[in-house]
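Worth saying up front: this structure is predicted, and the values here are computed from it rather than measured.
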Amino acid sequence: MSDDDYCPVTDATRPPKADGPPYAECVLCREPTEYPESYKGITLCPVCAWQEAQRTACSG
């Protein structure tokens with residue numbers, strides 16, 4: 001059985017990584033992210049992204 005069988009949401013889109021400043025702010029903690037400021041949408045810093053993944057992880 002593959003991981004896709006457990007977690008059907010595998011095609012989530014991610015914003016493009018920025019080449020340099022200015023960076024978009026994290027929508028949760030307001031820290032800079034690795035995404036460009038011009039990106040329109042929800043951006044999370046690596047710490048908040050990891051914590052969100054832990055909260056929403058599929059349980060087996």
Side-chain angles (χ1 to χ4, degrees):
M1 207 174 242
S2 72
D3 290 338
D4 293 341
D5 295 334
Y6 293 110
C7 296
V9 181
T10 57
D11 63 345
T13 58
R14 299 186 128 194
K17 296 208 180 207
D19 293 330
Y23 297 108
E25 287 184 344
C26 176
V27 297
L28 298 177
C29 71
R30 317 268 297 161
E31 290 293 320
T33 67
E34 53 194 20
Y35 305 113
E37 190 176 58
S38 61
Y39 179 76
K40 302 296 183 209
I42 296 173
T43 54
L44 297 173
C45 70
V47 172
C48 289
W50 183 82
Q51 290 173 343
E52 186 67 19
Q54 290 294 319
R55 282 192 291 271
T56 60
C58 298
S59 60

Same hydrophobic cluster for Leu28 and Ile42, using side-chain heavy-atom links shorter than 4.5 Å among ILVMFWY? yes
Listed partners of Gln51 passing side chain to side chain donor-acceptor pair (under 3.5 Å), at least two apart: none
Output the distance between atom CH2 (Trp50) and atom SG (Cys45), rounded to the nearest 0.5 Å. 12.0 Å
Results of side chain to side chain contact (heavy atoms under 4.5 Å, CB included) for Glu52 - residues two or more places apart only: Leu44, Arg55, Thr56
Under 3.5 Å, side chain of Thr33 to main-chain N/O of Tyr23, donor-acceptor pair present? no
Residues in side chain to side chain donor-acceptor pair (under 3.5 Å) with Glu31, at least two apart? none
